[in-house]
Amino acid sequence: MINVTLPDGSKRQYEDGASPADVAKSISNSLAKAALAAKVNGEMYDLNRPLEHDADVAIVTAKDQDGLELIRHDAAHVLAQAVQELYPDTQVTIGPVIDDGFYYDFAREVPFSTEDFERIEKKMEEIVDKDYPIIREVWSKDEAIETFKKIGEDYKAQIIDDIIPPGDPITVYKQGDWFDLCRGPHLPSTGKLPKAFKLMKLAGAYWRGDHRNEMLQRMYGTAWANEKDLKAHLLRIEEAEKRDHRKLGRELELFHLQDEAQGQVFWHHKGWTLYRVLQDYMRRQQIENGYREIRTPELMDRTFWERSGHWDKYRENMFISSIDEEEKVLAVKPMNCPCHVQVFNHGQKSYRDLPLRLAEFGSCHRYEPHGALHGLMRVRAFTQDDAHIFCREDQITDEVKAFCDMLRTVYSDLGFDDVVVKFSDRPEVRVGSDEVWDRAENALRTAADATGLEVIHNPGDGAFYGPKLDFILRDAIGREWQTGTIQADFNLPERLDASYVGEDGEKHRPVMLHRAILGSFERFLGILIENYSGAFPMWLAPTQVVVATITSEADEYAKKAVERLRAAGLRAEIDTRNEKINYKVREHSLQKVPVIAVVGQREAEETTVALRRFGSKGQEVLGLEEAAGKLSDEATPPDMARARR
RNA sequence: GCCGGUAUAGCUCAGCUGGUAGAGCACCUGAUUUGUAAUCAGGGGGUCGGGGGUUCAAGUCCCUCUGCCGGCACCA
């Protein structure tokens, strides 16, 4: 007999050889129908795989995250089967589950086209209709390699050869005539796969993710528990496209990009206003947190970059400048760190000067590969909100803590409260002694925990020069963006010979903390645009108020009103065009201006304004003075509002 | 950089199997003075991304370069 404990704590007994399917059946018919797989002592089991001994058993259905992954995994298998039935000259490789769906990498001479999708999807549905039982088999490694080689699946044979330790058995899943190497688990039959999948896009991908290997054809698909979820997902994609910062950048007249300046931004007035507002805000934060702003050169001699070590490592990605007849080669700075060390090194530093926090809105240029460029998110010319904290080892903890606090405040002010921290510790290849690493890792870890944010541990993923924290924020539609970072560095101060005089009168090496909160202004603005979908909160909005007239009789008063609003510090514009008020309201609403102040003859006579806020149809009639005060309060940046309280 | 796709007016797009360009919006001009998401009428605007080829004839077919898009690789 086998004793089974269910998730609610109840216990049941089954015959030897019983499977999770039997467990489900014994509970209810509907559960037996909905069952896709089971979690046995935390491990995923096929529904028909016999239970070996007493166990905790939880039946997995499409409602569980595990169930959804199962569905996606099976969708990948069904896709592979469909493709191989339709295009026998195709070899399969791998097909994992990803966010919202799955992909499968195929090797085939002839390129697939998205026009093939309809045919493939139809075939996939046929496979579901045929309801092939999915059967798990255990093969020996050699047997598996031989079988896959025999049918011309060289990639599969190679995977088995590389990842399965010799002597270990492997599992193969069969559905109809088709079979694939797979750890499992799987649905009991192809008929259990909900017809709520869709092929999405086609892309190239290197075999095993290595650019030296041949390129495979990757088919992306999405799969859900039911059609409703699928539809909802497709709708979410549409919504995300609507808030694409490149589209909004054009529509809201924020910026543009053009061929002659690839990866560089032409900021238009409104976009630049947004940029400046953000920069002013960051500057105030830095001052408040004891940073000293500096500015360093953009072109420096190549020998300087050789010393810093960047020439060797990043030469390919650096812009170079040389002048005829001069032998000097200058490089445009790709980062600010070495320059900040120069400022630190200038003159003598004492332990009393530490921690020294040097900040720069550093303009950097990197020759990013063509294929990497993407709107504001990945550019070749960008500005970091960069700073380097020079400190003693025993100051690291406090500095990292203070930084985390500052970062949380900034993100929260900018509308991001959903943040996670990634903590990466020592990699195998590194500089610095283990004792120093111990201390630095401890400091970062403690600070990360103190933020109260979710901490993800990334063992061995630190830089060779020190451990780091990375900050990831989630935007309004759930996408994640890695933005902030703080990294301890034991290497560069050594390389560029930074030192301070300690209490003992001897020279010591400072530790350098590299840190950024936004990362780059360009990218962060891209994230902000998409997060707010262009409808910025009042304090960030490039245009905060538009005074719009109803008839030309109100023009004079409108001028007076806009002057008053500007005097109150508001970014106010006037619209006296000879157009209907409907037209003006529509246009400024499309421009997502937070407040439209409508003025007609009535308002002119009474010295009032009729305020209409973005996203609402109502109006609020206020005296001009009162409106100026109220709106200016609303437009106050959050940090200044805090200071006033 | 690699794979695939794509490039027509400022924007969004149409232009079938080759027969020398079209719509809506935007823009300009005029009329209209209007009460909260598009007033009406008229007008201007494109060497169809660059170069080469096939053809009597190329926006349309072929080659090539470049940009852009979707991924992959890269991201100090």
Side-chain angles (χ1 to χ4, degrees), chain A residues 98 103 105 108 110-115 200-220 241 244 246-247 250-251 253 256-263 305 308-318 333-338 364 366-375 377-380 382 384 386 463-465 468 482 485 487 489 491-492 514 519-520 523 548-555 576-591 596-603 610-621:
Chain A
I98 50 171
Y103 68 76
D105 284 348
R108 181 181 179 232
V110 189
F112 286 108
S113 128
T114 46
E115 281 160 30
M200 302 298 288
K201 54 196 173 192
L202 213 47
Y206 296 107
W207 165 235
R208 317 198 108 184
D210 189 327
H211 70 279
R212 288 164 300 194
N213 289 341
E214 61 271 49
M215 191 151 260
L216 306 169
Q217 298 190 63
R218 178 169 294 180
M219 256 181 226
Y220 285 91
E241 277 167 10
D244 188 308
R246 292 165 298 186
K247 183 168 152 357
R250 188 177 53 241
E251 288 173 359
E253 301 167 57
H256 87 266
L257 302 163
Q258 71 184 51
D259 299 355
E260 291 87 345
Q262 282 172 43
W305 299 107
S308 73
H310 292 96
W311 187 267
D312 265 1
K313 223 174 156 186
Y314 299 108
R315 163 70 190 86
E316 293 290 297
N317 297 308
M318 285 165 74
K333 81 172 166 190
M335 54 170 355
N336 310 297
C337 331
C364 297
R366 294 179 188 171
Y367 187 77
E368 303 287 4
H370 287 88
L373 301 178
H374 178 94
M377 301 303 191
R378 189 85 178 265
V379 287
R380 287 184 175 157
F382 55 97
Q384 296 177 319
D386 205 2
F464 75 96
Y465 51 74
K468 62 174 181 174
Q482 186 168 320
T485 186
Q487 313 176 355
D489 185 354
N491 179 54
L492 204 59
H514 304 250
S520 101
R523 191 171 110 100
T549 52
I550 293 172
T551 69
S552 53
E553 284 172 4
D555 284 4
T576 54
R577 288 174 305 170
N578 177 10
E579 294 289 351
K580 284 189 168 175
I581 192 63
N582 295 25
Y583 181 88
K584 295 185 185 179
V585 165
R586 176 181 154 81
E587 204 162 81
H588 300 302
S589 297
L590 289 172
Q591 285 290 308
I596 304 173
V598 176
V599 295
Q601 222 174 336
R602 201 156 62 219
E603 286 76 12
L611 303 182
R612 180 193 166 112
R613 282 160 202 280
F614 179 75
S616 86
K617 285 192 163 117
Q619 346 170 6
E620 182 187 14
V621 181

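By convention in this document, chain letters (A, B, ...) are assigned in the order of the sequence lines, proteins followed by strands, and residues within each chain are numbered from 1.
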Side chain A:R218 and base B:rC3 donor-acceptor under 3.5 Å
no
Residues A:G600 and A:E603: closest non-hydrogen pair is N-OE1, 2.9 Å
For A:Y206, the side chain to side chain donor-acceptor pair (under 3.5 Å) test, sequence neighbours excluded, returns none
**Request:** State whether A:K247 and A:E241 are salt-bridged, where the test is any N-O pair (Lys NZ or Arg NE/NH1/NH2 against Asp/Glu carboxylate O) under 4.0 Å.
**Result:** no
Residue set satisfying salt bridge (charged side-chain N to carboxylate O under 4.0 Å, His left out) with A:R586, at least two apart, ordered chain then number -> none
Residues at least two apart in sequence or cross-chain that pass side chain to side chain donor-acceptor pair (under 3.5 Å) with A:E260, listed by chain then number, are A:Q258
Residues in residues 203-211 of chain A with a heavy atom under 4.0 Å of RNA chain B, by number, are A:A203, A:G204, A:A205, A:Y206, A:G209, A:H211
With sequence neighbours left out, the residues meeting salt bridge (charged side-chain N to carboxylate O under 4.0 Å, His left out) with A:D105 are A:R218
Sorted by position of nearest nucleotide on RNA chain B, 5' first, the leading residue of A:T551 and A:F112 is A:F112
note: A:D386, atom CG; B:rA76, atom C1'; distance rounded to Å ~ 11 Å
I'd like a list of close polar pairs between nucleotides 59-64 of chain B and the protein, N/O only, cut-off under 3.5 Å.
none

When rounded to whole Å, the CG to P distance for the pair A:D105 and B:rC3 reads 16 Å
Write down the distance separating the C1' atoms in B:rC11 and B:rA58, rounded off to the nearest Å. 27 Å
Result for 5'-nearest mapping on RNA chain B, choosing between A:D244 and A:N317, is A:D244
With C1' as the reference atom in both, quote the distance from B:rG49 to B:rC69 in angstrom, rounded to an integer. 15 Å
| said: In whole Å, measure the gap between the P atoms of B:rG5 and B:rC63 for me. | reply: 11 Å
- Query: Base, sugar-phosphate alone, or nothing: which one does A:P111 contact when heavy atoms must sit under 4.0 Å apart?
  - Reply: sugar-phosphate
Practice item. Please indicate yes or no: is the ring centre of A:Y314 less than 5.5 Å from the centre of the six-membered base ring of B:rA76, with the two planes inclined by under 30 degrees? Key: yes
(message) Suppose you measure atom C1' in B:rG67 against the same atom in B:rG53; what distance do you get, rounded to whole Å?
(response) 22 Å
For A:K584, the side chain to side chain donor-acceptor pair (under 3.5 Å) test, sequence neighbours excluded, returns A:T549
Contacts of A:D244 meeting salt bridge (charged side-chain N to carboxylate O under 4.0 Å, His left out) (sequence neighbours excluded), chain-then-number -> A:R246
Think A:R246 has a side-chain N or O under 4.0 angstrom from the OP1 or OP2 of B:rC69? yes
Side chain to side chain donor-acceptor pair (under 3.5 Å) filter on A:R378, not counting sequence neighbours, yields A:E368
Check your understanding: What distance, rounded to whole Å, do you find between the two C1' atoms, one in B:rA23 and one in B:rA37?
Key -> 24 Å
In whole Å, what separates the C1' atom of B:rA38 from that of B:rG46?
27 Å
- Side-chain N or O of A:H374 closer than 4.0 Å to phosphate OP1/OP2 of B:rG71: no
Discussion item. Between B:rA26 and B:rC13, how far apart are the two C1' atoms, rounded to whole Å?
Written reply: 14 Å
In whole angstroms, the gap separating P of B:rC3 from CE of A:M219 amounts to 18 Å
Protein heavy-atom contacts under 4.0 Å, written 5' to 3' over nucleotides 35-51 of chain B as B (base), S (sugar-phosphate only) or - (none), form the string BBBBB------------
Check: Does A:Q217 reach the main-chain N or O of A:V110 with its side chain, forming a donor-acceptor pair under 3.5 Å?
Finding: yes
CH2 of A:W305 to NZ of A:K313, rounded to nearest 0.5 Å, is 14.5 Å
Pairs: protein N or O with nucleotides 12-16 of chain B N or O, under 3.5 Å:
residue, atom, partner, partner atom, Å
B:rU12, OP1, A:R250, NH2, 3.3

A:E316 atom CD, neighbour heavy-atom count above 12 within 6.0 Å
no
Note, RNA chain B 5' to 3' with Watson-Crick or G-U pairs under 3.5 Å encoded as ( ), [ ], | and . gives (((((((..((((.....[..)))).(((((.......))))).....(((((..]....))))))))))))....
Separation of B:rG4 atom C1' from A:L216 atom CG, nearest Å, is 13 Å
Q | Atom P, compared across B:rU60 and B:rU54: separation rounded to whole Å | A | 15 Å
